[in-house]
Peer 1: 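Next up is a structure, given as structure tokens.
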Amino acid sequence: MNGHYIAFAPLQGYTDAVYRRAHRECVGGVDEYYTPFVRIEKGDVRRKDLRDTAPSANDGVPTVPQVIARDGDEFARLCDALQGQGWGRIDLNMGCPFPMQVKAGRGSGLLQQPDKVDEILKEMLRRPEVTFSVKMRLGQESEEEGMAVLPIINEMPLLHVTLHPRLGRQQYKGTADKEAFLRFMEVCKHPMVYNGDVVEVENGEWRVENIKGIMLGRGLLARPWMLGDKEPHEVIKEMHDIVYRHATEHLCGDSQILSHLHAFWEYLDIPHKQKKAIMKATTLLRYREAVAALQL
């Protein structure tokens, strides 16, 4: 990879601490694993999120906790919680396209509110002991929204900016706009990380001069072996063993265990018929039989 930085993007419900550890131990090749965003819910920092960012759950895994906030106050509370756990590195999500977050003014919805972004800038400047980064979209409704907040982002003390060159309203439809990425990079004062539709790390599609590196998300979930030298079936078996063992030791009942395990397979690039058999299993016995029958 010619020394480029490689990050594993967060995806809610998929890249939890157990999955991140499994990938680190079985494949590696990732410089930093980003956690699904920590959020305010019902007036408080979500406890489930803090369990996932607990240092004990991430020991030995190069982890970056990510937060999602709608204003300076939420951002401050989230930073306080993570700093209380001992974190000195935090990523801000300004790119989540899911309607519930956007309507609340978070994720890519934050890009429509320069005054709120400015509040977050001021909060970052109050915390010189923390190394921040930002993950964002081009805008929610238009590219102009991202460009409008870029002067504020340029004033932020950031390690880098990760840009997924789609609009929030597109969610994951259409194609990532690499030309828009280049336009943004021309004006951005921070090192840039590219994210969006990268499914092969050696095909040259993501390569941009002066780029810091890439962030892989759905492509790496589909082909978690892509950064290593093991065969796909080896990686799947080794990672699954770790995820399965944790699920059966910490969750109760076939339904709860299977709900967790099915997420492991959802994005995996394996034959449709075999994946369908695994996903349709309603008991652990049938699940184990379907997994044992997997042939790649």
Side-chain angles (χ1 to χ4, degrees), residues 1-2 4-36 52 57-63 172 195-207 213-251 253-296:
M1 292 302 297
N2 299 327
H4 278 84
Y5 167 84
I6 298 179
F8 200 149
L11 197 63
Q12 293 285 326
Y14 300 93
T15 59
D16 62 11
V18 178
Y19 185 93
R20 298 192 299 269
R21 177 174 299 282
H23 188 271
R24 177 70 172 177
E25 292 180 2
C26 301
V27 186
V30 170
D31 293 299
E32 290 184 317
Y33 293 81
Y34 286 63
T35 74
D52 188 66
N58 296 282
D59 187 39
V61 180
T63 303
Y172 293 97
N195 170 238
D197 295 352
V198 181
V199 295
E200 294 276 0
V201 293
E202 295 297 346
N203 67 359
E205 289 183 9
W206 63 272
R207 296 183 188 279
I214 56 170
M215 176 178 277
L216 297 157
R218 293 169 298 151
L220 195 48
L221 277 171
R223 303 172 70 246
W225 53 83
M226 76 161 75
L227 299 175
D229 54 11
K230 294 179 182 177
E231 292 297 318
H233 67 89
E234 290 181 81
V235 171
I236 290 173
K237 182 183 185 308
E238 291 176 11
M239 288 184 64
H240 179 260
D241 284 348
I242 293 172
V243 173
Y244 181 88
R245 183 168 60 250
H246 183 272
T248 53
E249 288 176 356
H250 293 85
L251 302 175
D254 284 16
S255 179
Q256 188 179 29
I257 293 170
L258 288 171
S259 176
H260 184 79
L261 291 173
H262 285 158
F264 175 82
W265 300 96
E266 189 166 330
Y267 279 91
L268 270 177
D269 184 8
I270 61 173
H272 174 73
K273 188 174 181 180
Q274 297 183 54
K275 181 188 288 189
K276 186 177 179 181
I278 292 170
M279 300 296 278
K280 286 182 68 176
T282 55
T283 68
L284 274 177
L285 175 59
R286 290 194 174 181
Y287 174 84
R288 287 193 295 268
E289 291 173 347
V291 171
L294 184 65
Q295 294 182 339
L296 298 177

Peer 1: List the atom pairs, donor and acceptor, that lie under 3.5 Å between side-chain atoms in residues 286-296 and the rest of the protein, sequence neighbours left out.
Peer 2:
{"residue": "Y287", "atom": "OH", "partner": "H240", "partner atom": "NE2", "Å": "2.6"}
{"residue": "Y287", "atom": "OH", "partner": "W265", "partner atom": "NE1", "Å": "2.7"}
{"residue": "R288", "atom": "NH1", "partner": "Y244", "partner atom": "OH", "Å": "2.9"}

Peer 1: Considering residues at least two apart in sequence or located in another chain, which fulfil the side chain to side chain contact (heavy atoms under 4.5 Å, CB included) criterion with Q12?
Peer 2: P36, F37, R39, R46
Peer 1: With sequence neighbours excluded, tell me which residues meet side-chain hydrogen bond (donor to acceptor under 3.5 Å, both in side chains) with R245.
Peer 2: none
Peer 1: Could you state the interatomic distance from CZ (F8) to CD (E32), rounded to the nearest 0.5 Å?
Peer 2: 14.0 Å
Peer 1: Are V30 and L216 side-chain neighbours, meaning at least one heavy-atom pair lies under 4.5 Å?
Peer 2: no
Peer 1: Are the side chains of L261 and I278 in touch, meaning some heavy atoms are under 4.5 Å apart?
Peer 2: no
Peer 1: Considering residues at least two apart in sequence or located in another chain, which fulfil the ring pair (Phe, Tyr, Trp, His ring centres under 6.0 Å) criterion with Y267?
Peer 2: Y14
Peer 1: Scan for salt bridge (Lys or Arg N to Asp or Glu O under 4.0 Å) pairs involving residues 225-239, sequence neighbours excluded, and state none if there are none.
Peer 2: K230-E238, K237-D241
Peer 1: Between G13 and A263, what is the shortest heavy-atom contact and its length?
Peer 2: O-CB, 3.6 Å
Peer 1: Once side chain to side chain contact (heavy atoms under 4.5 Å, CB included) is applied, do any residues pair with K276, and if so which ones, sequence neighbours excluded?
Peer 2: H272, K280
Peer 1: Please find the pair of heavy atoms, one from C26 and one from I242, that lie closest to each other, and give the distance.
Peer 2: SG-CD1, 3.8 Å
Peer 1: Quick check against the 3.5 Å criterion: does D269 have a side-chain atom that pairs as donor or acceptor with the backbone of R223?
Peer 2: no
Peer 1: Does anything in residues 5-31 form a salt bridge (Lys or Arg N to Asp or Glu O under 4.0 Å)? List the pairs, not counting sequence neighbours.
Peer 2: R20-D52, R21-E25
Peer 1: Y19 versus P224: any side-chain heavy-atom pair under 4.5 Å?
Peer 2: yes
Peer 1: Restricting to side-chain hydrogen bond (donor to acceptor under 3.5 Å, both in side chains), what partner residues turn up for Y33, sequence neighbours left out?
Peer 2: H23
Peer 1: What residues form a ring pair (Phe, Tyr, Trp, His ring centres under 6.0 Å) with Y34, not counting sequence neighbours?
Peer 2: none
Peer 1: Kindly state each residue pair satisfying side chain to side chain donor-acceptor pair (under 3.5 Å) with at least one member in residues 253-263, sequence neighbours excluded.
Peer 2: none
Peer 1: Look up atom CD1 in I6 and atom CD1 in I214, then write down how far apart they are to the nearest 0.5 Å.
Peer 2: 5.0 Å
Peer 1: Please report the shortest heavy-atom distance between A9 and N195, naming the atom on each side.
Peer 2: CB-ND2, 4.5 Å
Peer 1: Can you name the nearest heavy-atom pair linking I257 to A247, along with the distance?
Peer 2: CG1-O, 3.8 Å
Peer 1: Looking at every non-hydrogen atom in both residues, tell me the closest pair between E266 and K275 and how far apart they are.
Peer 2: O-NZ, 3.0 Å
Peer 1: Identify the two heavy atoms, one from A17 and one from N58, that lie closest to each other, and give their separation to 0.1 Å.
Peer 2: CB-OD1, 4.0 Å
